[in-house]
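Here's the structure, in structure tokens; my notes come after.
Being a predicted model, the structure only gives us computed values, none of them experimental. A note on names: the letters A, B, ... follow the listed sequences, proteins ahead of strands, and every chain is numbered from 1. What's counted below: heavy atoms across the whole structure, side chains too, no hydrogens, waters or symmetry copies.
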Amino acid sequence: MDHLLERLNPQQRDAVLTIDGPLLIIAGAGSGKTGVITTRIAYMLSRGIPPESILAMTFTNKAAGEMKERVKEILGEGAGKTASALTISTFHAFGLSVLRRYGRLLGYRPNFTVYDTGDQVALLKEAARELRIDPEELEVYNLLQLFSGIKTERITWQDERWYAMLNPSGKSSQDKSGEEPSRGAGSISTFQELYRSYQEHLITFNAVDFDDLIMQPLTLFREHPKVQGHYADLYRYVLVDEFQDTSTPQYNLLYQIAREWKNVCVVGDDDQSIYSWRGADYSNIERFEKDFLRVKEIKLERNYRSTGGILSAANAVISNNTNRKEKALWTQIDGGNLLELSFPDDDGAEASFIAEKIKLRAYQESLAYDSFGILIRTNSQARVIEEALLEADIPYRMSGGQSFFQRKEIKDIAGYLRIILNPDDDVSLLRTINTPRRGIGRRTVEALHEIADERKISLYSAITLAVHREVDHSIGKGPLGALEEYLELTARYQERFSESKHLAATTERLATEIDYWGYLVQEFQKSERAAKAKWKNIGFFIRSIDRYEQNPDVLEPTLQGYLNRISLQTRDELSPEEAAGKVNLMTIHAAKGLEFDVVFLAGVEEGIIPHQRAVEESEGNLEEERRLFYVAITRARQQLYMTSCRRRQVQGEMIEAVPSPFIEEIPAELMLKTLADPTAGVEMPEDPFAALKAHFGS
DNA sequence: CCCGGGCTGTCTCCC
DNA sequence: ACAGCCCGGG
């Protein structure tokens, strides 16, 4: 322990040693924050604080896993058990565990399902269909954002600025083909009705959405003080990382847990707050100072990551923001290379510039590919870059895009698992009822809906009624037989999953029994490769279930435990092994907390960063976009390349592009403006590794 | 009544 | 260019 403390600077050491009372750590980018947090936890344990009484909240599941690993490392041999007894999780995962334990007090049956965004969309469309509102006329994603705001009490129904965004001018008002639309989809009362229906359906389906994972535990704590007391009593030491990105309900949850012992340490950096669109509010820092009296504040301002030049550029950019805690990040690392800005002709040229440059530098400086990061503002920028990397034979990983678990083929199989666990989950039922095809089409599903809507029961119950002829219906003989088989299949696997404790093997059997492979072959007749790739993913999925079952940290592996876990994994987070030796391509959001020797920031153009929709939405968003730019810059250790295309392909069309206004906020003397060709004036051998190979004789 | 082949709008960021 | 949806054949 002592030697660890010696390695820290005075502020860091203070942060580690202050374990009692409220503590606010303002940790600038690259200030060694993660090390401080993990050392602090290890220090607490070394002082004899039981691991069960420590709660640490992180921002992503990956961060939680890594924190646990690092604490284990610090503690050394034989401390695995101690580390496992710590509670380290995201707010959402924590809320989920509370609901799993006490949800029945709120009326949840123990097998409830967690809906991700895709499920929410499906549910909303269902609700609309039932209210005879044309889903075509709804901007479902915007509407879900509105509902989220309502649920988390961030906005009220009176808040008019939201409606503007839900009524895109000139679109919904034009009726096609002169026919009356089924219902006006743009009025407040319609939205309210939809919201109510959305909520009712969640309850009927025994399902929760992400916001429920925070809001329901709060309700639980309010209505059952004993439960609140249990948690408040248990967690005598609480720590929150990325505090600037906590939302108000998350803060409230934290407060309910920490207010008793008040040993609460929050770590954050207001300059890196980049999630306000999902409710993050860094004014929680001020609330914290008011709610917990005599808060000790420690600022970590020494940066150990970046060269002086990069840091100066970052500082200059962020100083344009008003309303921030004054900070003076400094470094002892010298100025380093200038930042480089170039202007490729189009996004294709940008991509090949990046690929070439990586190849060249990897060769010239023997840099490993994983020391490069390519940052993008939107996922749509990824494709061209991926193509260039493939073309150049550069191994890479795109992270932060669609999660593995959100792929269609995975959601299909997971849909079966979900319906087996919770038959009332209509969203999963609709997904699986005719996938693979079993002859149940639109009409049959409509007939089932009629039965279900009338009685306010789930579709699964409706099927049961129909199959057992306990209700009048118009379903034909063929489809009815198919429905019966579907019922039998799910019932059979309900039994198998409860009997056999081997989840992975049972899932494999299920995939075989429904002949998912045959379905893939059928669906992808034109591309056997596509079918094979998807089947391979199913294999990965089954192995991931197996890993879950084998994981010693999971005390009692269950189908529900697994499904809950994956529903919180909304983005691909690669393990260190998977990422080794690969160039990292990701959005700026996904890059928060990471660092690379060489960083490429692609698309530094007006409309991309700052993003057009962000600035249109509200004036205040410009500062958040600037913080995003700041986060991007501060990911770089040695060198930062920025590219601003002259033209760019947007939705198939080539448009003229203009450099981002943020570029002008970087002092000119820190930046080198270059032409696009990276190889200009440098000789590249045919095989970049020929010289090395010759040298080492391999 | 179901299925496959053509057509259309689409993308900000994510627990 | 890609997923989700509409329409005519079986």
Side-chain angles (χ1 to χ4, degrees), chain A residues 57-64 89-96 114-118 120-122 125 135-136 139-142 144-145 148 152 168 171 209-214 242 245-247 249-250 274-280 375-384 387 399-403 406-408 434 436-447 474-480 482 522-526 530 567-573 586-592 603 607-617 621 624-625 627-628 631-632 649-653:
Chain A
M57 299 290 198
T58 59
F59 192 68
T60 63
N61 300 295
K62 186 182 169 205
S89 76
T90 64
F91 273 102
H92 288 88
F94 178 76
L96 176 58
V114 180
Y115 278 180
D116 65 20
T117 313
Q120 284 177 291
V121 169
K125 285 186 177 166
E136 287 292 294
E139 303 228 330
V140 277
Y141 286 96
N142 286 340
L144 285 173
Q145 196 122 312
S148 171
T152 57
K171 194 181 164 193
D209 62 20
F210 281 134
D211 292 323
D212 286 326
L213 293 177
I214 308 300
E242 305 283 6
D245 285 320
T246 53
S247 65
Q250 287 171 337
I274 54 175
Y275 281 92
S276 73
W277 48 273
R278 96 181 181 198
L375 306 187
I376 50 184
R377 171 71 237 267
T378 74
N379 281 304
S380 60
Q381 292 173 260
R383 160 161 280 162
V384 197
E387 280 166 11
S399 65
Q402 195 195 31
S403 151
Q406 315 256 18
R407 291 175 192 218
K408 189 185 171 303
N434 202 32
R437 307 228 135 90
R438 45 169 74 86
I440 298 169
R442 215 185 64 219
R443 278 307 299 272
T444 306
V445 172
E446 268 169 28
S474 54
I475 301 166
K477 207 175 163 202
L480 197 66
Q522 167 87 8
E523 288 291 291
F524 298 92
Q525 288 169 14
K526 286 183 213 120
S567 55
L568 294 181
Q569 236 150 78
T570 53
R571 80 173 167 207
D572 261 346
E573 288 163 339
M586 61 183 72
T587 64
I588 303 172
H589 282 91
K592 195 173 71 159
I608 294 189
I609 184 162
H611 197 277
Q612 178 129 23
R613 289 179 69 151
V615 285
E616 276 170 7
E617 204 178 280
N621 283 349
E624 177 143 321
E625 294 291 309
R627 288 194 292 270
L628 212 40
V631 167
Q649 195 124 20
V650 178
Q651 281 168 28
E653 202 188 347

Applying the Watson-Crick and G-U criteria (both distances under 3.5 angstrom) with [ ] for crossing and | for other-strand pairs, one obtains for DNA chain B |||||||||......
Please state how far atom [atom1] in [X] lies from atom [atom2] in [N], giving the value in whole angstrom units.
| X | N | atom1 | atom2 | result |
| --- | --- | --- | --- | --- |
| Ile376(A) | dC13(B) | CD1 | C1' | 11 Å |
| Gln145(A) | dC11(B) | CD | P | 13 Å |
| Ile608(A) | dC11(B) | CD1 | C1' | 12 Å |
| Lys125(A) | dG4(C) | NZ | C1' | 8 Å |
| Met586(A) | dT12(B) | CE | C1' | 17 Å |
| Glu624(A) | dT12(B) | CD | C1' | 11 Å |
| Ile440(A) | dC1(B) | CD1 | P | 13 Å |
| Glu446(A) | dC2(B) | CD | C1' | 13 Å |

With sequence neighbours excluded, residues passing side chain to side chain contact (heavy atoms under 4.5 Å, CB included) with Glu387(A):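 Scan of Glu387(A) (side chain to side chain contact (heavy atoms under 4.5 Å, CB included), adjacent residues dropped) gives Arg383(A).
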Counting only side-chain N and O atoms of [X], is one of them less than 4.0 Å from OP1 or OP2 of [N]?
| X | N | value |
| --- | --- | --- |
| Ser380(A) | dT12(B) | no |
| Lys62(A) | dC14(B) | no |
| Thr117(A) | dC14(B) | no |
| Asn379(A) | dC14(B) | yes |
| Asn621(A) | dC13(B) | no |
| Arg443(A) | dC1(B) | yes |
| Arg613(A) | dC13(B) | no |
| Arg437(A) | dG4(B) | yes |

May I ask whether Tyr275(A) stacks on the base of dC13(B), given the cut-offs of 5.5 Å between ring centres and 30° between planes?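 So no, this residue does not stack on that base, at least one cut-off failing.
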Looking at [atom1] of [X] and [atom2] of [Y], how far apart are the two atoms once the value is rounded to the nearest 0.5 Å?
| X | Y | atom1 | atom2 | answer |
| --- | --- | --- | --- | --- |
| Asp209(A) | Gln120(A) | CG | CD | 5.0 Å |
| Asp245(A) | Gln250(A) | CG | CD | 9.0 Å |
| Asp212(A) | His92(A) | CG | NE2 | 10.0 Å |

Are any non-hydrogen side-chain atoms of [X] and [Y] less than 4.5 angstrom apart?
| X | Y | value |
| --- | --- | --- |
| Ile214(A) | Thr152(A) | no |
| Thr246(A) | Phe59(A) | no |
| Met586(A) | Leu375(A) | yes |

Note: for Thr378(A) and Pro479(A) on DNA chain B, the residue whose nearest nucleotide lies more 5' is Pro479(A)
Which sits closer to the 5' end of DNA chain B, Gln250(A) or Glu625(A), going by the nucleotide each is nearest to?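 With Gln250(A) and Glu625(A) compared, the 5'-side residue is Glu625(A).
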Are any of the side-chain nitrogens in Arg613(A) or Glu616(A) under 4.0 Å away from the carboxylate oxygens of its partner? no
From C-beta outward on His611(A), which listed nucleotide comes closest to its side chain: dC2(B), dT12(B), dC14(B)?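 The closest nucleotide is dT12(B).
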Give the nucleotide from the list dC2(C), dC3(B), dC14(B) with an atom nearest to the side chain of Arg383(A). dC2(C)
Counting the atoms with a prime plus P, OP1 and OP2 as sugar-phosphate, which does Gly476(A) contact under 4.0 Å by heavy atoms, base, sugar-phosphate, or nothing?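 No contact.
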With heavy atoms under 4.0 Å as the rule, sort Asn434(A) into base, sugar-phosphate or nothing. sugar-phosphate
